[in-house]
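Below you'll find the structure, written out as structure tokens, and then a few comments.
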Amino acid sequence: MQRTTVQVGPFEVNCPVLAWGDRAWIVDPGAEPDRIAAVLERARLVPEAILLTHGHFDHIGAIPTLQSKWPGLKVYMHPADERVITHPLNSFPPDYPAIGRPANICDVRELEGVHSLKPIFTPGHTPGGMCYFFQDDGLLLSGDTLFAGSVGRTDLPGGDMATLMDSIDALKTLPDETEVVPGHGCATTIGREKASNPFLLRG
Ligand SMILES: [Zn+2]
Ligand SMILES: [Zn+2]
């Protein structure tokens with residue numbers, strides 16, 4: 001896997017572009033579609049799929065532009081977060097206008113095993129939160145569930161702290177050397193978070 005992570009938008013969402021040969025997956029295209037598209041075009045990559053860790057506005061804002069550039073591009077996510085995408089409070093104009101329900105939504109669990117992906121259901125930050133573990137690469141994309149030194153907030157609509165802590169427990173079973181790229185901020189590893197993140201130490 002080749003990986004380029006673009007930080008997009010005022011909320012600085014990590015948008016990893018993952019490539020195998022000339023095929024790419026775009027994870028959490030939150031904003032700045034032109035910068036994301038430039039990464040693909042520079043490397044002559046054809047996007048096969050958009051994957052969402054969850055439906056919050058800062059992770060989805062570039063979807064309409066990317067889908068008009070590449071018609072038919074599918075959006076893989078957990079179905080429970082479709083109503084997060086369309087929730088009346090899920091926008092932050094003018095930077096993040098509401099995008100409505102994207103076209104071509106698919107259940108991300110269909111991608112289990114493709115490129116060694118293990119989709120992990122991690123609700124708590126949102127009802128349909130997902131983390132993506134690429135077994136062959138030892139890489140976890142943790143969305144807003146796990147951050148370096150912290151975990152996602154649970155005070156937004158659909159959030160729940162006890163549920164989030166159960167999801168964190170599931171992530172603690174991954175190998176210590178697993179590289180973690182969260183939805184915001186620095187990369188880390190499962191081992192480092194188990195040793196130092198207060199939310200992982202308390203259970
Ligand atoms: Zn979020
Ligand atoms: Zn976020």
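Since the model is a prediction, treat every value here as computed from it, not as a measurement. Remember, it's 1-based here, ligands and their atoms both numbered in the order they're listed.
In this structure, D22 does not pair ionically with R44, as no charged nitrogen and carboxylate oxygen lie closer than 4.0 Å. A salt bridge links E41 with K69: the closest approach of a Lys/Arg side-chain nitrogen to an acidic carboxylate oxygen falls below 4.0 angstrom. A salt bridge does not link E112 to K118: none of the charged nitrogens lies less than 4.0 Å from a carboxylate oxygen.
N90 places a side-chain N or O within 3.5 Å of a backbone atom of G55 that can act as its donor or acceptor partner.
The N, O or S atom of H184 lying closest to the Zn ion (ligand 2) is NE2.
In the displayed structure, K194 atom NZ is contacted under 6.0 Å by more than 12 heavy atoms of other residues, nucleotides or ligands.
Neighbouring protein atoms of the Zn ion (ligand 1) (N, O or S, distance under 2.8 Å, waters ignored): H54 NE2, H56 ND1, H125 NE2, D144 OD2.
Ring geometry for H184 versus H59: interplanar angle over 60°, hence perpendicular rather than tilted (30 to 60°).
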